[in-house]
Amino acid sequence: MLLAAGAVLLSETLLPSASRLAVPVVSKEEPSAPAPDMQPADRGKPLDNQTTAPLSYRIAEYHMNVAYTPESRQLQGQQTLTWENPGSVPVQELYLHLYPNAFASKKTTFMRESGGKLRQDEARTGTSGSMDLLSVKTVDGEDLSPRMTFVQPDDGNKDDHTLLKIPLPKPVGAGEQVTIKTEFLVKLPAVFARMGYVDDFVMAGQWFPKVAAYERAGTRGRTEPGWNLHQYHGNSEFYADFGLYDVKIQVPSNYTVAATGFPVKPAVTDKGMKTYQFYADDVHDFAWSASPHFVYVEEPFSTPQIPGVKIKLYLDPNHQDLKDRYMNAAKKALSRYSQWYGTYPYSTLSVVVPPPGGNGAGGMEYPTLVTAWGADDKTPDLELERVVVHEIGHQYFYGLVASNEFEEAWLDEGFTSYAEDKVMEMDYGVSPNLAVESSYITSPNTLNQNAWAYTGHDQYAENVYTRGKLVLKAIEKQVGTKTMDRIMRTYFQKWEFKHPSTKDFQNVVEDVTKTKWDDFFNEYVYGAMMMDYSVESIQVKASGMKEKPSYDSTIVISKKGGNSPEVPIHFHFADGTSLDKTWDGKESRIEFKLTHTAPVDWVRIDPKYSLILENKHINNYLQTEVNPKWKIRWNLGIIQFLQAIFGWVSW
């Protein structure tokens, strides 16, 4: 277990000399100035040698210097990485993610799979990104670079250099540590896919050589310890082990820096350059952003579940008038999530609002730092709040639970989307239209599969975001809101800092409800099903006397998809009366025979849209017959049906 005590003091000896970055040595303390440049440490732990029990198993320890040069759009960095073997067998090699190499050419796996597009963002012609390791050495000075090779375990694409294998001089035994020192150079692309620059704004996400995740036996059902190795894919996000970070960031003196963690001392300036120093522990990533134009707003925030946190807002000037909306959204989200799931354990939460043209970096999450969406107009709709609420939700299911987004992305995106909807409904009065959202699921697929196994970004998004959320809503529909709240809270608190799997979540559902959920999970989580109930036919036969008419109506309902324990069916008769029945849905079809003084003129399955995973609503409705006399009535009925589905859309 790596300890945080004295991390900042150790950094001076562990890091290579700053002079090797070809930037001035920091020597002069800045005079008193407004935050954030003069912020003291938010917690005294790194400075006064206090120790507290780690919240996570800190497998990785990073000490880094990085200097940003706006003219060349480059990051020049030095890193000392100490990695502890958490497994039970010796490890002979390290693996590093070199994520910026995803943008090196059109031949990389990321660019091939994405086509140079991510969400509404597109890679700009004539720009590229890359990472070069200038040196890789042991603490004894042994050069490891001749041993290094790029590996492509997922697709064998030799043009992809996002995963690097470094054989070590000697094995690292169980519980032992190894330290390597690297010097690296990152060329930033024009802002795209979570990182890059636009004018003098820079977003540094996934910017440093990052050690891959190593899973112990038992983690996510693993039977043997070993590396979890994947390239950077067009759909996938990230997965890493917890650790601590001590990072010095050098920028021109007129720049303001936002970063993961908190500043350990005021920024210092010398010869036109400013150096910030940030510290974070019990996190699995570190990101930062910088601009000379940030409008900075800071507010302390506390609730019964949050002893105290500084919410820091870094606004592009174009969005300065919207600062209260961004800040209030952050407060509402943090308050709700801490109330529902558990304490937010960090002392800071930073929200970066990118400038016009910078939304390629917007709508993204990192530990203690999120990027919002830069609004395009002065009076944006609630999408502004929604993005902030969503990204802060990731602090819980990405940041703290730390799911494997390579292999089970729904455990982050689907869970965060579910939580986001609850905040938007409770605090902004915006209810989701689940019937419409389910109709978007045109290509359902299994949820616990590799992110790049989906066919394109649309199928990935509709499954891991929307379908994943609908699965959680369907569970809630069966067990009730109170029980679902208990499921979600139990899951978070049991698996905080522990990297759970889909099966771990199923086990929590079963433990809380005292019920087996194999059938449900096999159909809708491990399987690719949606519900699809259809009114197949309506046959009417007159059976009464002329003076006392009677009609026998035979209705056939079929099941073409997954199961529901309750299928509500509404039968409407020509005299205006109606009848409601519930089918248990166990068989593939059922036949209803109804006798009444008027014939059945139409039937609708699920009239109140309670079947959350039903995605083909159009075959839920059938008219008995359509003759010229009744065409106008039938058309009006269809219009009313569609209005019922689409008339209350809210996102």
Side-chain angles (χ1 to χ4, degrees), residues 64 66-77 79 96-134 150 152 157 159-164 184-210 230-238 249-252 255 257-260 285-293 316 352-366 369-374 452 457:
M64 293 186 283
V66 61
Y68 173 58
T69 305
E71 294 78 14
S72 63
R73 316 292 192 186
Q74 291 182 336
L75 306 177
Q76 188 171 358
Q79 173 181 280
L96 299 180
H97 291 289
L98 276 55
Y99 287 119
N101 283 337
F103 313 112
S105 75
K106 293 182 179 180
K107 296 180 180 181
T108 70
T109 295
F110 179 94
M111 295 299 282
R112 285 181 177 180
E113 292 178 353
S114 69
K117 296 180 180 179
L118 186 67
R119 298 180 296 202
Q120 290 78 43
D121 195 35
E122 190 168 354
R124 300 182 192 180
T125 304
T127 70
S128 61
S130 62
M131 173 183 282
D132 292 322
L133 289 188
L134 306 179
F150 289 107
Q152 302 83 19
N157 175 15
D159 293 310
D160 188 82
H161 294 165
T162 58
L163 186 62
L164 182 72
F184 59 94
L185 184 67
V186 175
K187 178 186 176 184
L188 293 172
V191 68
F192 169 66
R194 312 176 183 96
M195 73 176 299
Y197 67 86
V198 55
D199 298 327
D200 46 14
F201 166 87
V202 60
M203 183 67 224
Q206 307 303 330
W207 58 277
F208 59 94
K210 185 177 179 183
H230 297 297
Q231 301 153 241
Y232 193 3
H233 291 270
N235 287 331
S236 70
E237 293 190 13
F238 313 104
I249 303 169
Q250 194 167 58
V251 293
Y255 273 63
V257 173
T260 292
D285 202 357
F286 187 99
W288 59 276
S289 181
S291 170
H293 306 298
D316 178 79
V352 175
V353 183
N359 274 334
M364 187 55 193
E365 70 279 357
Y366 308 92
L369 183 149
V370 302
T371 60
W373 200 253
W452 56 95
H457 187 73

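Computation of the quantities below employed the complete heavy-atom set of this structure, encompassing side-chain atoms and omitting hydrogens, waters and symmetry-equivalent molecules. All residue numbers refer to positions in the sequence shown, counting from 1.
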**Q** Is there a side-chain contact between F238 and R194 in this structure, where contact means two heavy atoms from C-beta onward sitting under 4.5 Å apart?
**A** yes
**Q** Take H293 and D199 through the test side-chain contact (heavy atoms from CB on, under 4.5 Å) and record every step on the way to the result.
**A** CA-CA 11 Å; H293 306 298; D199 298 327; over 6 Å; no
**Q** Below 4.5 Å, heavy atoms only, C-beta onward: do S105 and M111 meet side chain to side chain?
**A**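 No, side chains not in contact.
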**Q** State, yes or no, whether a side-chain contact exists between N101 and F150 at a heavy-atom distance under 4.5 Å.
**A**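 Side-chain contact under 4.5 Å: yes.
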**Q** How many angstroms lie between CZ in F184 and CG in L134, if you round to the nearest 0.5 Å?
**A**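 Answer for the CZ-CG pair, F184 versus L134, is 9.5 Å.
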**Q** Go through the steps to decide whether Y197 and V191 satisfy the test side-chain contact (heavy atoms from CB on, under 4.5 Å), and finish with yes or no.
**A** CA-CA 5 Å; Y197 67 86; V191 68; 5.8 Å; no
**Q** A258 and V352: which non-hydrogen atoms are nearest, and at how many Å?
**A** CB-CG2, 3.8 Å
**Q** Starting from the C-alpha separation in whole Å, work towards a yes-or-no answer on side-chain contact (heavy atoms from CB on, under 4.5 Å) for L163 and H97.
**A** CA-CA 5 Å; L163 186 62; H97 291 289; 3.7 Å; yes
**Q** Can the ring centroids of F103 and F110 be said to lie less than 6.0 angstrom from one another?
**A**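 When the ring centroids of F103 and F110 are compared, they turn out to be within the sub-6.0 Å range.
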**Q** Can you list everything that forms a side-chain contact (heavy atoms from CB on, under 4.5 Å) with A204? Sequence neighbours excluded, please.
**A** L75, W207, W288
**Q** What's the spacing between Y255 OH and F201 CZ if we round to 0.5 Å?
**A**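 Output value for this atom pair is 10.5 Å.
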**Q** If you measure from CG on L98 to CG on L133, what distance do you get to the nearest 0.5 Å?
**A**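 Reported to 0.5 Å precision, the distance equals 4.5 Å.
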**Q** Answer yes or no: is there a side-chain heavy-atom contact under 4.5 Å between P355 and S291?
**A**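 No. Closest side-chain heavy atoms not under 4.5 Å.
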**Q** Report the residue from Q231, H233, H457 that forms a side-chain hydrogen bond (donor to acceptor under 3.5 Å, both in side chains) with E113.
**A**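 It is H233, the one option of Q231, H233, H457 that forms the side-chain hydrogen bond (donor to acceptor under 3.5 Å, both in side chains) with E113.
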**Q** Mind checking what makes side-chain hydrogen bond (donor to acceptor under 3.5 Å, both in side chains) contact with H161, not counting sequence neighbours?
**A** none
**Q** Given side-chain contact (heavy atoms from CB on, under 4.5 Å), test L188 with Y68 step by step and report yes or no.
**A** CA-CA 10 Å; L188 293 172; Y68 173 58; 3.9 Å; yes
**Q** Kindly indicate, with the supporting measurements, whether the criterion side-chain hydrogen bond (donor to acceptor under 3.5 Å, both in side chains) is fulfilled by Q206 and D285.
**A** CA-CA 8 Å; Q206 307 303 330; D285 202 357; 2.6 Å; yes
**Q** Could you measure the distance from the CE atom of M364 to the CG atom of L369? Nearest 0.5 Å is fine.
**A**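 It is 10.5 Å, given to the nearest 0.5 Å.
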**Q** Do D316 side-chain atoms and V353 backbone N/O form a donor-acceptor pair below 3.5 Å?
**A** no
**Q** When you measure from the side chain of Q152 to the backbone N and O of D160, does any donor-acceptor pair fall under 3.5 Å?
**A** yes
**Q** Main chain of V202, side chain of S289: is a donor-acceptor contact present, judged purely on distance under 3.5 Å?
**A** yes
**Q** Mind checking whether V198 and P354 have side chains closer than 4.5 Å, heavy atoms only?
**A** no
**Q** Side-chain contact test, heavy atoms from C-beta onward, threshold under 4.5 Å: evaluate it for H230 versus S236 and give yes or no.
**A** no
**Q** Can you name the nearest heavy-atom pair linking K107 to N157, along with the distance?
**A**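 Reported closest heavy-atom pair: O-ND2, 2.9 Å.
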**Q** Taking all non-hydrogen atoms of both residues into account, name the closest pair between T162 and A102 and its distance.
**A** CG2-N, 3.5 Å
**Q** Quick check: do R73 and T127 have side-chain heavy atoms less than 4.5 Å from each other?
**A**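 Answer no - side chains too far apart.
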**Q** Give the minimum heavy-atom separation between S114 and G234, together with the two atoms involved.
**A**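 Looks like CB-CA, 4.1 Å.
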**Q** Heavy atoms only: give me the nearest W373-G363 pair and the separation to one decimal.
**A**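 Scanning both residues, the minimum pair turns out to be CE3-N, 4.1 Å.
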**Q** Could you check whether any side-chain heavy atom of D200 comes within less than 4.5 Å of a side-chain heavy atom of P70, counting everything from C-beta outward?
**A** no
**Q** What are the two closest heavy atoms between E365 and E237, and how far apart are they?
**A** OE2-OE1, 2.9 Å
